[in-house]
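Written out below as structure tokens is the structure these notes cover.
As the structure lists them, so they are numbered: ligands from 1, and atoms in each ligand from 1. Throughout, numbering of the chain's residues begins at 1 and tracks the sequence.
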Amino acid sequence: MNDSLFERAKRVIPGGVNSPVRAFRAVGGTPRFVQRAQGAHFWDADGKKYIDYIGSWGPMILGHGHPAVLEAVQKAALDGFSFGAPTEREIELAEAIIAAVPSLEMVRLVSSGTEAGMSALRLARGATGRSKIIKFEGCYHGHADALLVKAGSGLATFGNPTSAGVPPEVVAQTLVLEYNNLEQLEEAFKLHGADLACLMIEPIAGNMNFVRASVPFMKRCRELCSQHGALLVFDEVMSGFRVALGSAQSIYAKLIPGFEPDMTVLGKVIGGGMPLAAFGGKRAVMEKLAPLGPVYQAGTLSGNPVATACGLATLREISKPGFFEALGARTQRLVQGLTQAARDAGQPFCGDSQGGMFGFFLMETLPQNYATVMTTDGPKFNAFFHAMLDAGVYFAPALYEAGFVSAAHTDADIEATVQAARAHFVRV
Ligand code: HOZ
């Protein structure tokens with residue numbers, strides 16, 4: 001059934017998918033067409049059950065079909081799908097986001113991470129009156145033209161880190177530096193500091209697998225941005241409300257006194273699985289947005305009433321005491337179990353996690369940048385991916401993607417995953 005659906009899909013949808021990484025082109029084989037999902041599992045069109053470690057690429061932090069979220073969505077849907085006029089729930093969601101992330105004074109709700117990143121960039125340029133931006137190799141900030149240069153995720157998967165169709169003049173203002181490379185960072189600010197609108201970074205990169213920005217690197221990003229009047233923009237579409245309730249910035253704030261970004265881009269978890277994202281920051285910057293200021297941004301479905309209900313119900317659940325401690329411990333158990341299984345079989349393996357987000361590499365030590373991630377043995381990853389898939393474990397079908405554990409994953413799910421990995425590692 002998966003095969004015939006894929007053939008049918010390819011006739012009417014480019015590559016048979018509506019987002020490239022789903023096509024399994026990197027790992028080979030037929031994508032699984034999902035029929036339904038519940039908790040930590042989904043079932044494909046052939047009725048096969050999988051332990052789901054992508055969780056819609058991050059949003060499903062509570063697992064699928066959480067009762068409180070379902071109830072909120074059903075109730076909201078009965079009241080109307082979309083109004084194109086403001087609702088109280090938009091205020092409630094904005095308040096909930098701001099309450100959890102201290103660097104935010106105002107947020108604007110939009111419909112996708114791409115839209116949020118693109119709008120944040122325009123706002124940074126409009127607020128500073130400058131054009132140049134810094135981004136890092138392997139960081140993916142959605143598919144807006146100016147950010148689609150040396151990006152991770154699907155672009156890395158298909159070996160085209162810069163997309164066709166992006167005019168060179170559009171990316172001429174985008175400086176691309178190596179992640180965690182202090183020398184390049186210093187040099188870029190020395191040469192271009194006065195022209196820089198912003199530095200945009202995934203603090204925990206989830207689009208070149210899982211790579212953390214080191215604390216000294218992040219500290220220097222903050223200092224240089226402040227010295228040169230550039231805005232530090234955290235892309236927390238993946239890490240936001242996923243690695244901690246206060247997002248990745250709360251982790252850096254514990255290690256760097258007084259640390260906070262100027263702007264934050266959010267998505268995924270704040271929508272709980274519905275199309276919803278946001279960007280926010282200090283009042284002085286956010287008030288440059290229309291209708292108050294000269295930077296234009298808008299959207300028919302922005303702040304959608306069903307999506308905001310879904311996001312709010314999700315944030316309520318993950319704000320409960322102990323939620324992130326339990327999720328983090330479970331995710332760590334998964335990464336430790338996989339590491340042990342590989343090591344016992346004499347296979348190189350390393351992994352890292354924070355909250356409910358994780359990554360692993362079939363190499364000895366954790367990479368610090370995209371170039372090192374690229375040295376991963378692709379065929380070896382693909383063999384691992386397919387062995388796990390056969391065993392009913394669904395990891396991301398590309399080695400450049402992070403993985404996600406939800407509150408619905410049980411110890412039994414983790415144990416079954418580790419056993420499946422162990423069986424593979426002793427075979428190869
Ligand atoms: N850009 C996502 C991975 N980093 C993929 C989204 C999707 O295919 O749903």
(request) List the steps and the verdict of salt bridge (Lys or Arg N to Asp or Glu O under 4.0 Å) for K49 and D44. (result) CA-CA 7 Å; K49 181 181 176 184; D44 74 7; over 6 Å; no
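- Stacking of K10 on the aromatic ring of F6 is recorded, both the 6.0 Å distance cut-off and the 45° axial limit being met.
- A distance of 6.0 Å or more separates the ring centres of F234 and F279.
- Residue contact check: E401 has heavy atoms under 4.0 Å from atoms 3 (C), 4 (N) of ligand 1.
- Under 4.0 Å from ligand 1, the heavy atoms of N207 that appear belong solely to its side chain.
- None of K254, R222, K282 except one satisfies the salt bridge (Lys or Arg N to Asp or Glu O under 4.0 Å) rule with E260; the exception is K282.
- Look at V21 and you'll find every heavy atom at least 4.0 Å from all atoms of ligand 1.
- Checked against the 6.0 Å centroid criterion, the rings of F385 and F395 do not qualify as a close aromatic pair.
- Short contacts between ligand 1 and M238, defined as distances under 4.0 Å to a heavy atom of the residue, involve ligand atoms 4 (N).
- Checked by distance only, ligand 1 and S19 come closer than 3.5 Å through their nitrogen or oxygen atoms.
- Considering backbone and side-chain N/O atoms, R22 comes within less than 3.5 Å of an N/O atom of ligand 1.
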